[in-house]
Amino acid sequence: MKTFTEPLKELKEFNDIRDNIKTKTLPVQITGCIDSQKCHLIYGLGEGFKFKVIVTYNEIKAKEIYEDYRLYDKNVFIYPSKDIIFYSADIHGRAIVKDRLQILKRIIEKQDTTVIMSLEGGMDRLLPLGHIKERIITVDMDSEIQLKDFEATLIRLGYERQAQVEAPGEFAVRGGIIDIYPLTEEVPYRIELWGDTIDSIRTFDVSSQRSIEQVDRLVIYPAAEIIPDEKRLTEGLKKIEQEEKRYIKILKEEGKVEEAERIRSIIAEFKENLEVFQGSVGLESYINYFYDNTMSFYEYFDNEDTLFFLDEPGRLVEKGEAVENEFREGMIGRIEKGDILPGQMNVIYGYKDVFNILARKNTLLVSTMEPKSSYISAKRKYSFTVQPIASYHKSFDVLVKDLEYWKKNKYRVILLSGSRTRAKRLSEDLMDFNLNPFYSEDMDRILQEGEIMVTHGNLKRGFSYPLIKLVIISESDIFGGEKKKRKKRYSYEGQKIQSFTDLTPGDYVVHENHGLGIYRGIEKIEVDKVTKDYIKIEYGDGGVLYVPATGLDVIQKYTGTEGRKPKLNKLNSSEWKNTKARVKGAVREIAKELVELY
């Protein structure tokens with residue numbers, strides 16, 4: 001990536017910051033940064049570090065940074081945060097856990113990784129990394145497996161036993177064959193046994209169930225974030241029962257009989273779910289009962305090989321305070337109603353605790369303007385001179401005039417296009433104006449003064465460094481942003497729901513993106529200090545989906561064969577996608593036959 005990074009070395013500020021990083025004179029504050037340019041600077045400063053963590057103020061911004069940063073580094077991942085709804089559900093889908101554990105795997109295996117996340121992602125209480133490492137299972141051709149013990153271990157690690165493996169987090173046993181789909185892998189694996197000895201380990205295709213490739217080794221990571229062993233589970237349940245008794249006694253003494261009965265019922269249901277679903281049950285809100293020591297995600301990284309970048313630290317402080325207040329207020333409301341135990345109040349870190357952790361890391365504060373309050377005191381302050389690229393609104397003539405000016409004044413210009421074909425065409429079109437542009441995919445080519453390079457890549461917005469005469473122009477600067485594609489709507493076997501009165505708890509419903517589930521009623525959940533109604537839908541894997549009450553248009557009432565119990569879909573599995581694809585294909589065939597007929 002020398003095409004992008006070499007010019008930065010001509011800036012005194014850049015070199016001074018690099019020296020600060022080497023001498024550990026951190027934190028430092030960097031101002032004057034804008035939009036997509038932040039990713040360019042962060043990538044340049046982070047060169048040589050195994051891990052880079054970019055912390056921003058919300059999930060939307062995290063996705064924007066992710067899209068821009070991919071231009072420079074393909075080993076970039078979003079670490080998703082949980083919201084209050086996540087802690088309100090005892091059982092939930094695996095999407096968030098899957099994304100998190102894939103990153104955790106890269107940290108444990110020391111793979112070069114850039115993590116992008118919102119601040120609240122580091123406010124969760126997590127297990128120390130050592131506890132997770134202890135529970136990783138490695139299976140190779142020399143291993144011996146006691147089948148019953150192996151099954152019990154997988155279940156305790158959060159894997160679900162099924163008749164046939166279809167989605168990550170599942171396993172199946174048929175005779176001497178074990179199929180498992182590790183949550184951190186792209187494909188499932190099949191272990192064939194000869195007695196207790198492993199005969200073969202192969203990957204296989206989910207759809208056809210046929211083996212693909214033989215491997216010598218399989219590493220199985222947990223399928224859940226909270227994975228207590230039998231001892232911790234027993235001790236934790238004992239603590240929960242003891243606090244339940246104390247709390248019910250207090251509630252009854254205060255005359256809160258209804259609240260006392262509610263918490264008794266909730267804990268009973270939790271223990272029942274834990275017995276039935278075991279590792280699939282969300283223990284996040286009970287973590288303090290099972291573990292005395294917890295960590296923030298930020299503490300998983302070693303100072304020697306990690307740089308932290310805080311995007312707009314002023315806004316991060318505001319966000320952290322808002323998240324903490326929202327969570328605390330939500331928990332106070334729940335404990336007043338008898339929905340939780342007192343020990344569940346403290347399942348996240350306060351935002352000040354999180355900033356104290358980040359202050360001890362190799363941290364750089366990156367912002368457009370100097371923040372009024374960042375909570376972290378900088379040892380050095382630097383400012384960059386950067387300018388945005390004005391939109392050309394599809395005016396090719398104006399672009400050509402700017403390029404002529406830059407070329408004449410010995411600027412280095414990089415033009416980006418999201419398509420290789422369009423990039424080559426743009427380069428050819430500019431040849432007609434004697435600008436001598438060239439198309440190249442060699443990102444280590446060091447640009448010379450006055451050169452114009454066209455290449456394949458995406459950025460939301462372009463920018464320039466006037467002091468070093470470097471200009472980077474994105475395709476959206478020239479032609480405008482891409483129009484959002486309208487979502488296609490499919491029709492399913494169901495009746496359109498006009499209002500809540502059309503539904504009764506226990507009814508089967510079809511969600512257009514997640515498939516068939518059971519309607520469990522309406523729950524009130526506080527979000528952003530506002531109590532809102534959410535539709536609760538339960539799926540086949542015990543997963544629970546909360547849909548805003550305003551989202552009735554994506555749900556239909558199931559109307560299948562009377563008296564026949566339908567099979568529920570599973571959250572985050574490919575099963576529903578495959579069903580929709582098959583239906584779509586069948587409709588195409590029918591349409592084709594009708595055209596031929598008429």
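- With respect to the salt-bridge test (charged N to carboxylate O, under 4.0 angstrom), the residues Glu67 and Lys460 do not qualify.
- Counting non-hydrogen atoms of other residues, nucleotides and ligands closer than 6.0 Å to CG of Asp442 gives a total above 12.
- Under a 4.0 Å N-O distance rule, the pair Lys361/Glu299 does not qualify as a salt bridge.
- Between Glu10 and Lys469, no side-chain nitrogen of the basic residue sits less than 4.0 Å from a carboxylate oxygen of the acidic one, so the salt-bridge criterion is not met.
- Using a 4.0 Å cut-off between a side-chain N of Lys or Arg and a carboxylate O of Asp or Glu, Asp124 and Arg100 qualify as a salt bridge.
- Glu225 and Lys82 are joined by a salt bridge, as a carboxylate oxygen and a charged side-chain nitrogen come within less than 4.0 angstrom of each other.
- Ionic pairing of Asp305 and Lys110 is present here: one or more N-O contacts between side-chain nitrogen and carboxylate oxygen are shorter than 4.0 angstrom.
- A distance of 8.0 Å separates CD1 of Ile21 from CG of Asn362, quoted to the nearest 0.5 Å.
- Once rounded to the nearest 0.5 Å, the distance linking CD1 of Ile116 with CD of Glu59 reads 11.5 Å.
- A salt bridge does not link Asp311 to Lys61: none of the charged nitrogens lies less than 4.0 Å from a carboxylate oxygen.
- Remark: side-chain polar atoms of Arg232 are paired, donor with acceptor, to backbone N or O of Phe290 under 3.5 angstrom.
- The side chain to side chain contact (heavy atoms under 4.5 Å, CB included) test with Arg380 is passed by exactly one of Ile17, Asp19, Leu26, Val28: Val28.
- Around the CZ atom of Arg217, the shell of radius 6.0 Å holds no more than 12 heavy atoms that belong to other residues, nucleotides or ligands.
- More than 12 heavy atoms of other shown residues, nucleotides or ligands fall within 6.0 angstrom of atom CE in Met1.
- Residues Arg420 and Glu441 are paired through a salt bridge, judged by an N-O separation under 4.0 Å between the basic side chain and the carboxylate.
- Salt-bridge formation is detected for the pair Lys24/Glu304: a Lys NZ or Arg NE/NH1/NH2 atom is positioned less than 4.0 Å from an Asp or Glu carboxylate oxygen.
- Geometric assessment of Arg315 against the ring of Tyr57 yields a positive cation-pi assignment under the 6.0 Å and 45° thresholds.
- Under the 6.0 Å distance and 45° angle rule, Arg106 does not count as a cation-pi partner of Phe77.
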